[in-house]
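Here is the structure we will look at, set down as structure tokens.
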Amino acid sequence: MSHVFRLPSSLLRAAACTGVAALALTACGSGSGSGSASTGSGEVKVGLITKTDTNPFFVKMKEGAEKTAKAEGVKLMTAAGKFDGDNAGQVTAIENMVASGVKGILITPSDSKAIVPALEKARAKGVLVIALDTPTEPQSAVDALFATDNLKAGELIGEYAKAAMKGKTAKIAALDLAPGVSVGVQRHSGFLKGFGATDKDVACAQDTGGDQSKGQTAMENCLQKEPGINVVYTINEPAALGAYTALKAKGREKDVLIVSVDGGCTGTQAVKDGKIAATSQQYPLKMAAEGVKAVVTYAKDGKKASGYTDTGVTLITDKAQDGVTSKDTAYGLENCWG
């Protein structure tokens, strides 16, 4: 998905490889180098390209890739766009990685369609390409996809919200991502399906880019349009926390149900604190770890990963509802983005 909130630079430096320019390639875990698909010592090289290197979701993804690359004895090269949506930056990163001899590339595409020609060129040169988190359009543009079922993630919080409302008439606000972004569309559609609603039932819909300040503004706009809103669907937890801030300013934080998707540690803590009622937790570290392992397998025996691998989603809440499977925040905090 597009996960776009920012880490303070001090935390980012601790979480990411030091000195990484947004589009520069950085070798992590096993040192740097160049050459063919493996170095002179036979070391395999794996590329990881994320949407940004500042978003905590992608920092966690990089952490999983680094840890697995070290354990597998392979070299990890990383790159990221300057911002969420920087397709040109990701294209450059692909070209640089192919030239440096990577055996496989793991990528969270910023633009699911525009990135396809660059990925096809990489595959034509024998590079295994795996999409993480966000599918390409078409999905067949990559060898494999390791990701959350975002439709299911949305359905889970939709089912939860429906049960939590206990038959009350819902006035729904949808704080979405951005037009046409597949992750956002799937989560939104899943929520409506789980709730048993359609877009006609949404009293106010606003795009937030998954950003906390924009989420707050979006919620303020929705409250002006429809003061009686009592259910808020949010694309991610930063948008949810922005909505909570706006509701609290109006004295409404106790009587409006907020549900979200991501299950990051900060977001899960917000569920525990009662700011968010429930969230669907996904596992970016697992996506990257499994991706690295797939490239190692390809390097060893030529077997390519294929199709879609669901890396799982879990509804996290401390206010369980009958008929909706969930786990509590103790579980959520222990497993957040693992």
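- Side-chain atoms of T268 do not come within 3.5 Å of backbone N or O of C265 as any donor-acceptor pair.
- Panel note: side chain T317, backbone K319; a donor-acceptor pair is recorded below 3.5 Å.
- A donor-acceptor pair under 3.5 Å links the side-chain atoms of T234 to the main chain of V259, judged by distance alone.
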Legend entry - Residue pair E155, K152: steps toward the salt bridge (charged side-chain N to carboxylate O under 4.0 Å, His left out) verdict: CA-CA 5 Å; E155 279 190 64; K152 181 179 179 181; over 6 Å; no
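- A continuous path of hydrophobic side-chain contacts links I130 to F57 [ILVMFWY only; heavy atoms under 4.5 Å].
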Legend entry - side chain to side chain contact (heavy atoms under 4.5 Å, CB included) between R252 and L223, worked out: CA-CA 10 Å; R252 298 283 316 283; L223 288 172; 4.0 Å; yes
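- A donor-acceptor contact closer than 3.5 angstrom links the side chains of K166 and Q321.
- Note: the hydrophobic cluster containing L285 does not contain M61 (ILVMFWY, side chain heavy atoms under 4.5 Å, direct or indirect links).
- Using a 4.5 Å heavy-atom threshold, the side chains of L192 and V202 count as touching.
- Rounding to the nearest 0.5 Å gives a distance of 12.0 Å between OG of S213 and CG of L241.
- Remark: the backbone N or O of N236 is not paired with any side-chain donor or acceptor of R187 at under 3.5 angstrom.
- Put simply, V91 and L119 are part of the same group of oily side chains (I, L, V, M, F, W, Y) that touch within less than 4.5 Å, one to the next.
- The heavy-atom pair separating C336 from G263 by the smallest distance is CB-O, 3.5 Å.
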Inset, instruction - Before giving the answer on side chain to side chain contact (heavy atoms under 4.5 Å, CB included), spell out for S189 and L151 the whole-Å C-alpha distance, their side-chain angles and the decisive distance to 0.1 Å. - result: CA-CA 7 Å; S189 298; L151 188 69; 4.1 Å; yes
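- Between the side chains of S326 and Y160, not a single donor N or O lies within less than 3.5 Å of an accepting N or O.
- At least one side-chain heavy atom of T329 sits less than 4.5 Å from a side-chain heavy atom of I316.
- Put simply, the side chain of N230 does not reach to within 4.5 Å of the side chain of L257, judged on heavy atoms.
- A80 approaches D53 most closely through the heavy-atom pair CB-N, 3.5 Å.
- In this structure, K286 is not positioned above the aromatic face of Y283 in the sense of NZ or CZ being under 6.0 Å from the six-membered ring centre and within 45° of the axis.
- In this structure, R123 does not pair ionically with E120, as no charged nitrogen and carboxylate oxygen lie closer than 4.0 Å.
- With values rounded to the nearest 0.5 angstrom, K250 atom NZ is found 13.5 Å from D255 atom CG.
- Side-chain contact between L247 and I258 is present, with heavy atoms from C-beta onward closer than 4.5 Å.
- Residues V295 and L145 do not share a hydrophobic cluster, defined by chaining ILVMFWY side chains whose heavy atoms lie under 4.5 Å apart.
- Across G215 and L175, no two heavy atoms sit closer than the pair O-CD1, 3.7 Å.
- Summarising the geometry, atom CZ belonging to F58 is positioned 9.5 Å from atom CG belonging to L132; distances are rounded to the nearest 0.5 Å.
- In terms of modelled atom types and a separation under 3.5 Å, the side chain of K225 and the main chain of C204 share no donor-acceptor contact.
- The closest side-chain donor-acceptor pair between Q216 and E220 falls under 3.5 angstrom.
- Considering every non-hydrogen atom in both A170 and M165, the closest pair reads CA-CE, 4.1 Å.
- One N or O on the side chain of Y308 and one on the backbone of A147 form a donor-acceptor pair closer than 3.5 Å.
- In this structure, the separation between CG on L333 and OG1 on T266 is 10.0 Å, given to the nearest 0.5 Å.
- In this view, F195 and F191 satisfy the ring pair (Phe, Tyr, Trp, His ring centres under 6.0 Å) rule, not counting sequence neighbours.
- Side-chain contact between T134 and S182 is present, with heavy atoms from C-beta onward closer than 4.5 Å.
- For the atom pair SG (C222) and CD1 (I229), the distance works out to 4.5 Å, reported to the nearest 0.5 Å.
- Two residues are said to be in side-chain contact when any heavy atoms from C-beta on lie closer than 4.5 Å; L48 and L76 meet this criterion.
- Residues K248 and K275 have side chains not in contact (no heavy-atom distance under 4.5 Å, counting atoms from C-beta outward).
- In this structure, V98 and I105 have side chains that are in contact, with non-hydrogen atoms separated by less than 4.5 Å.
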Inset, instruction - Could you walk me through whether L315 and T325 pass the side chain to side chain contact (heavy atoms under 4.5 Å, CB included) test, one step at a time? - result: CA-CA 7 Å; L315 183 73; T325 301; over 6 Å; no
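- Across I172 and A197, no two heavy atoms sit closer than the pair CD1-CB, 4.4 Å.
- In terms of hydrophobic clustering, with Ile, Leu, Val, Met, Phe, Trp and Tyr side chains grouped at heavy-atom distances under 4.5 Å, I115 and V102 are assigned to a common cluster.
- A donor-acceptor contact shorter than 3.5 Å is absent between the side chain of D86 and the backbone of T52.
- L177 CG to D211 CG: the interatomic distance, rounded to the nearest 0.5 Å, is 11.0 Å.
- Figure legend: cation-pi geometry between K103 and Y298, with NZ or CZ positioned under 6.0 Å from the six-membered ring centre and within 45° of its axis.
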Inset, instruction - With side chain to side chain contact (heavy atoms under 4.5 Å, CB included) as the test, would you mind laying out the steps for D318 and K272 before giving the verdict? - result: CA-CA 7 Å; D318 284 334; K272 183 177 181 180; 4.2 Å; yes
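- The two residues K45 and G101 come nearest to each other via the heavy atoms CE-O, 4.0 Å.
- Q90 places a side-chain N or O within 3.5 Å of a backbone atom of T50 that can act as its donor or acceptor partner.
- Under 3.5 Å, the side chains of D262 and Q281 contain no donor-acceptor pair of N or O atoms.
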Inset, instruction - Apply the test salt bridge (charged side-chain N to carboxylate O under 4.0 Å, His left out) to residues E290 and K293: give CA-CA distance (whole Å), side-chain angles for both, the deciding distance (0.1 Å), then the verdict. - result: CA-CA 5 Å; E290 293 301 313; K293 290 177 184 177; 3.8 Å; yes
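- In this structure, Y233 contributes its side chain and H188 its backbone to a donor-acceptor pair below 3.5 Å.
- Here the side chain of N221 pairs no donor or acceptor atom with the backbone of Q224 at under 3.5 angstrom.
- Taking 4.0 Å as the cut-off between side-chain N and carboxylate O, E63 and K60 count as a salt-bridged pair.
- Between the side chains of T279 and E237, a donor-acceptor pair is found at a separation under 3.5 Å.
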